[in-house]
Amino acid sequence: CQTGEVAADPQLYDQSYLSPVTIGNSELMLDFDTGSADLWCFSTESPAVQSAGHGLYNPSTGTELDGAFWDITYGDQSAASGNVFADKVVVGGVTATKQAIEAATSVSYEFTEDVASDGLLGLAFSSINTILPQPQTTFFDTVRNTLAKAVFTVDLKKGAAGSYTFGYIDSSKYSGAITYVPVNTANGFWQFTADGYSGGGNNASTGRGGVAIADTGTSLLYLPASVAKGYYSGVQGASFDFRQGGYTLPCSATPPDFNVAIGGKTFTVPGSYINYAPLRAGSSTCFGGIQADSGIGFSIFGDVFLKAVYAIFDDSGSSPKLGFAAQ
Ligand SMILES: O=C(CNCc1ccccc1)Nc1scc(-c2ccccc2)c1C(=O)NCc1ccccc1
């Protein structure tokens, strides 16, 4: 009965959180991503011009999955592709003896430039794993039956190291009760329904909720356009800047707290989390932590929301469920 815990280290402005993972005999820093289902990493097979500065997986310790390849494109059009090996993976003491490792033979510049990240560890459902001709399981699905309880938890923090646990819920990480909601796995995400929103200007259209996913791999909180518009209508100096592709606000602003009703419980995102980051170093204009989910098809509860709660990703019952508790 395995259990384990691993640190989640915030990158600049909490843009992403990285965790140490042992793959074969390399230790790499991976971005744990509940919004995708591929475990991929830079490798000795990646072109040097693309992998400079990154930790590399050396497939010599693994067994190649003949004829298997992978190719993934994310919503921001960043992309990676390569071939597949089976190798040992250890996360916080939890061991998968034969995990599909997707070794990159090509990555887009966004990944090359993010030198702190050596790849991603997908924690969405294996149904959206991109390996062809036969999709493989995520790390969580691979070790699930060996865990004390088929759950993992997410405790991200603003500007400080948080943690992921596997196989147990850490009662010291939250206060009050855990509120559970059902998960719809049809799209391969940890997808749930939010009941409603409040806070900010004209109370951000309280009452109308919608379909959302819990996504550690996305930095911000993407909400229905009407909710985002309503929220910023109460923030002095905030506006939708189409050149920046979203809402911006003065870095000197203290935006109001934002409340989300889920499972009949209200969770609050402190306003300071919504003054996200300067457009570029030294700018006095900041990008908003709440943005419109237009064109995505659902809302994305990314790190701006997740760092305000303790989140439980529970696949231990007859159907998966998500739990949220106040940190
Ligand atoms: O793709 C994910 C989870 N992985 C995030 C990630 C991590 C590292 C590098 C790149 C991406 N989540 C989801 S579910 C649905 C979308 C989406 C977003 C915008 C348009 C269409 C689909 C995304 C996604 O791409 N998230 C990351 C992101 C990047 C830029 C803007 C918004 C969201």
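Counting begins at 1 with the first residue of the sequence. Read the numbers this way: they start at 1 and go in the same order the structure lists the ligands and their atoms. Because the structure is predicted, anything quoted here is derived from the model rather than measured. Hydrogens, waters and symmetry mates are skipped; everything else that's a heavy atom, side chains included, is used.
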Atom 18 (C) of ligand 1: nearest protein contact (heavy atom, Å): Gly75 CA, 3.9 Å
Quiz item: cation-pi between Lys307 and Tyr273, 6.0 Å / 45°: yes
Stepwise side-chain contact (heavy atoms from CB on, under 4.5 Å) test for Glu102 and Ile72: CA-CA 11 Å; Glu102 301 173 39; Ile72 193 164; over 6 Å; no
Atom indices of ligand 1, in the order listed, that fall short of 4.0 Å to a heavy atom of Ser78: 10 (C)
Part of Leu220 with heavy atoms under 4.0 Å of ligand 1, whether side chain, backbone, both or neither: neither
Identity of the nearest option to atom 29 (C) of ligand 1, non-hydrogen atoms only, from Asp31, Asp76, Ile300: Asp76
Any donor-acceptor N/O pair, Asn58 side chain to Ser26 backbone, under 3.5 Å: no
From Thr218, Ile72, Asp114 - option closest to atom 26 (N) of ligand 1 by heavy atom: Thr218
Region of Phe298 that comes within reach of ligand 1 [heavy atoms, distance under 4.0 Å]: side chain
Closest protein heavy atom to atom 4 (N) of ligand 1, given as residue, atom name and distance to 0.1 Å: Asp33 OD2, 2.6 Å
Identity and separation of the nearest protein heavy atom to atom 13 (C) of ligand 1: Asp215 OD2, 3.5 Å
Among Phe111, Tyr74, Phe32, closest by any non-hydrogen atom to atom 1 (O) of ligand 1: Tyr74
Aromatic plane relationship, Tyr197 with Phe301 - under 30° parallel, 30 to 60° tilted, over 60° perpendicular: tilted
is_close_aromatic(Tyr231, Tyr247), centroid dist under 6.0 Å: no
Whether Phe305 and Phe267 hold their rings parallel, tilted or perpendicular, with breakpoints at 30° and 60°: perpendicular
CG-CG distance between Asp33 and Asp215, expressed to the nearest 0.5 angstrom: 5.5 Å
Protein contact of atom 5 (C) of ligand 1 - nearest heavy atom, named by residue and atom, plus distance: Gly217 O, 3.3 Å
Residue Ile213 vicinity, atoms of ligand 1 by number, heavy atom under 4.0 Å: 14 (S)
Parallel, tilted or perpendicular: rings of Phe152 and Phe313 (30°, 60°): parallel
Residue and atom name of the nearest protein heavy atom (relative to atom 8 (C) of ligand 1), distance in Å to one decimal: Leu120 CD2, 3.8 Å
Numbering as shown, the atoms of ligand 1 that approach Tyr222 to under 4.0 Å (heavy-atom distance): 31 (C), 32 (C)
Among Leu56, Thr44, Asp118, the one residue meeting side chain to side chain contact (heavy atoms under 4.5 Å, CB included) with Ser51: Leu56
